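Quick caveat: nothing in here was measured; it's all calculated off a predicted structure. The first residue in the sequence is number 1, and the count goes up from there.
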Amino acid sequence: MEQVQAREAEEFTLVTRKPYFDLPTACPLCLPVYIYLKLAHLPFHLEFNSVYPDSDQIPYVESGTYVAYNNENGGVIERLKQDGIVDLDSEFQSVPDWISMKAMISSWLADAIMYELWVGSDGRSANKIYYSDLSWPIGKVLLLKQIYIVKQRLGITKDNAEQREDEIYRRAKIAYGALSTRLGEQNFLFDDRPSSLDATFLGHALVTLHVLPESSVLRSKLSEHDNIVRYAEKLKMELIESGSSSSGPQFHSVPSSSAPRKDSSNWRSKPKSKPKREKTDEEKTFKRRAKYFLGAQLLAVLLFLSVMGGYDSGDMEFDDDDEGFTYD
């Protein structure tokens with residue numbers, strides 16, 4: 001395992017979506033980054049941004065003026081590798097099996113968790129992760145909007161919905177079988193040492209096992225492989241539930257600004273008080289953006305509803321139950 005070199009003096013902050021379901025963050029994009037930093041033994045602070053639930057920049061890692069966003073250069077992990085911050089994959093880049101496994105996880109399994117979270121389940125888990133801090137009407141319509149976007153991204157229509165679902169689950173089953181065989185009784189997927197492949201798959205597995213409902217088809221398919229479940233729960237205990245590690249993160253459950261916090265306390269302690277200082281132009285800009293966020297989201301809701309008015313109304317129906325909507 002490669003250790004972080006010449007970075008100990010720097011303060012890193014990982015900004016994610018909020019913790020739920022006994023996970024430090026329940027977002028399937030954020031959790032792999034958290035796990036990667038833990039596997040790399042890179043000390044970091046953990047902060048949560050609930051102001052922009054649909055931002056494609058989250059998760060991101062920041063240190064001083066340095067920021068690695070999710071929507072840049074292949075994602076946060078790839079950016080950290082390219083910029084020389086931390087790289088667990090240097091010995092695997094040319095290994096064919098490692099490359100094919102990575103492609104399978106980032107395509108087949110990424111599609112499967114996206115489908116299950118937004119379309120295959122009742123949407124309650126997705127709503128809790130992304131929209132629980134918003135007012136009910138805005139959160140509800142943004143949820144509907146995202147479900148519509150996911151269906152488009154996965155190529156799901158009224159005519160092919162059943163076939164696409166079968167294909168998504170079929171590929172997930174193949175992927176789980178291949179990964180189970182590859183893992184065997186090892187601690188990690190390749191050479192019994194961690195890589196970004198473990199971080200990506202472990203994030204997927206933990207979201208599948210702990211975030212998706214018990215009725216989830218994807219969860220049942222993953223649970224068929226006992227060695228994967230043991231692998232996921234063992235590393236969850238070591239990387240997430242163990243609070244004694246000196247390289248473990250420190251985190252606050254408060255919205256993050258665009259600049260890293262320079263003072264942080266352990267998550268079991270109360271945050272230290274900081275002397276009042278004059279706000280920077282960047283912080284003032286962020287505050288203005290946050291102030292007008294609800295107004296912007298309301299406008300997005302109205303635009304979405306106007307656009308949806310041009311589509312077949314059979315794709316989306318509202319009813320009177322507690323969920324307020326159904327999809328055909």
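Asp89 places no side-chain N or O within 3.5 Å of a backbone atom of Ser195 that could act as its donor or acceptor partner. Between the Asn127 side chain and the Lys140 main chain, no donor and acceptor come within less than 3.5 Å of each other. Judged by distance alone, with hydrogens and angles left aside, the side-chain atoms of Ser63 form a donor-acceptor pair with the main-chain N or O of Glu11 at under 3.5 Å. A donor-acceptor pair under 3.5 Å links the side-chain atoms of Ser100 to the main chain of Asp97, judged by distance alone. Remark: side-chain polar atoms of Asn227 are paired, donor with acceptor, to backbone N or O of Gly184 under 3.5 angstrom. At least one donor-acceptor pair closer than 3.5 Å links the side chain of Asn70 to the backbone N or O of Asp56.
Looking at Thr16 and Val33, their side chains never come closer than 4.5 Å, going by heavy atoms from C-beta outward. Using a 4.5 Å heavy-atom threshold, the side chains of Asp22 and His210 count as separate. The shortest distance between side-chain heavy atoms of Tyr130 and Leu142 does not fall below 4.5 Å. Under the 4.5 Å side-chain criterion, counting only non-hydrogen atoms from C-beta, Asn160 is in contact with Arg164. Met101 places a side-chain heavy atom less than 4.5 Å from the side chain of Met104. Between Lys102 and Phe92, the closest side-chain pair of non-hydrogen atoms is not below 4.5 Å. Counting heavy atoms from C-beta on, the side chains of Ile77 and Lys81 come closer than 4.5 Å. A heavy-atom distance below 4.5 Å is not found between the side chains of Leu39 and Leu202.
Closest of all the heavy-atom pairs between Cys30 and Thr25 is CB-OG1, 3.6 Å. Nearest heavy atoms, Ser107 versus Ala103: OG-O, 2.5 Å. Residues Tyr20 and Ser132 share a closest heavy-atom pair of OH-OG, 2.9 Å. Contact record, Val211 with Ala26: CG2-CB, 4.1 Å, taken as the closest heavy-atom pair. Across every non-hydrogen atom of Ser125 and Phe21, the tightest pair is OG-CZ, 4.1 Å. In plain terms, the two heavy atoms of Ile113 and Pro28 that are nearest each other are CG1-CB, 4.5 Å.
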Passes side chain to side chain contact (heavy atoms under 4.5 Å, CB included), Leu37 versus Val61? Steps please.
CA-CA 10 Å; Leu37 297 181; Val61 170; 4.2 Å; yes

Apply salt bridge (charged side-chain N to carboxylate O under 4.0 Å, His left out) to residues Asp191 and Arg193 and explain how you reach the verdict.
CA-CA 5 Å; Asp191 294 345; Arg193 59 182 294 265; 5.8 Å; no

Dump the intermediate steps for side chain to side chain contact (heavy atoms under 4.5 Å, CB included) on Thr208 and Leu109, then the final yes or no.
CA-CA 10 Å; Thr208 301; Leu109 293 187; over 6 Å; no

Which is it for Glu224 and Lys221 under the salt bridge (charged side-chain N to carboxylate O under 4.0 Å, His left out) test, yes or no, and what are the steps along the way?
CA-CA 5 Å; Glu224 293 173 1; Lys221 291 185 180 298; 5.4 Å; no

Would Leu212 and Leu117 satisfy side chain to side chain contact (heavy atoms under 4.5 Å, CB included), going step by step from the backbone distance to the final call?
CA-CA 7 Å; Leu212 298 181; Leu117 193 62; 4.1 Å; yes

Chi angles and distances behind the side chain to side chain contact (heavy atoms under 4.5 Å, CB included) call for Trp118, Leu143
CA-CA 8 Å; Trp118 296 99; Leu143 177 65; 3.4 Å; yes

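Between Ile168 atom CD1 and Trp108 atom CH2 the span is 12.5 Å, to the nearest 0.5 Å. In this structure, the separation between CG on Leu222 and CG on Leu209 is 4.5 Å, given to the nearest 0.5 Å. A distance of 11.0 Å separates OH in Tyr34 from CG in Leu206, rounded to the nearest 0.5 Å. Taking OH from Tyr36 and CG from Leu42, the interatomic distance works out to 9.5 Å, rounded to the nearest 0.5 Å. Separation of atoms CZ (Arg17) and CG (Leu29) is listed at 7.0 Å; rounding is to 0.5 Å. To the nearest 0.5 Å, atom CG of residue Leu88 and atom NE2 of residue His41 are 9.0 Å apart.
For Tyr176 and His204, the ring centers are positioned less than 6.0 Å apart. Aromatic rings from Tyr66 and Phe12 are positioned such that their centres are separated by 6.0 Å or more.
For the residue pair Glu62 / His45, no side-chain donor-acceptor distance below 3.5 Å is found, with atom types taken as modelled. One side chain, Tyr169 or Glu116, offers a donor N or O that lies under 3.5 Å from an acceptor on the other.
The cationic group of Arg79 does not satisfy the cation-pi geometry with Tyr69, failing either the under 6.0 Å distance to the six-membered ring centre or the 45° limit from the ring axis.
By the rule that hydrophobic residues join a cluster once side-chain heavy atoms approach within less than 4.5 Å of another member, Ile99 and Ile174 end up as members of one cluster.
The salt bridge (charged side-chain N to carboxylate O under 4.0 Å, His left out) contacts involving residues 128-137 comprise Lys18-Asp133, where partners must be two or more places apart or lie in separate chains.
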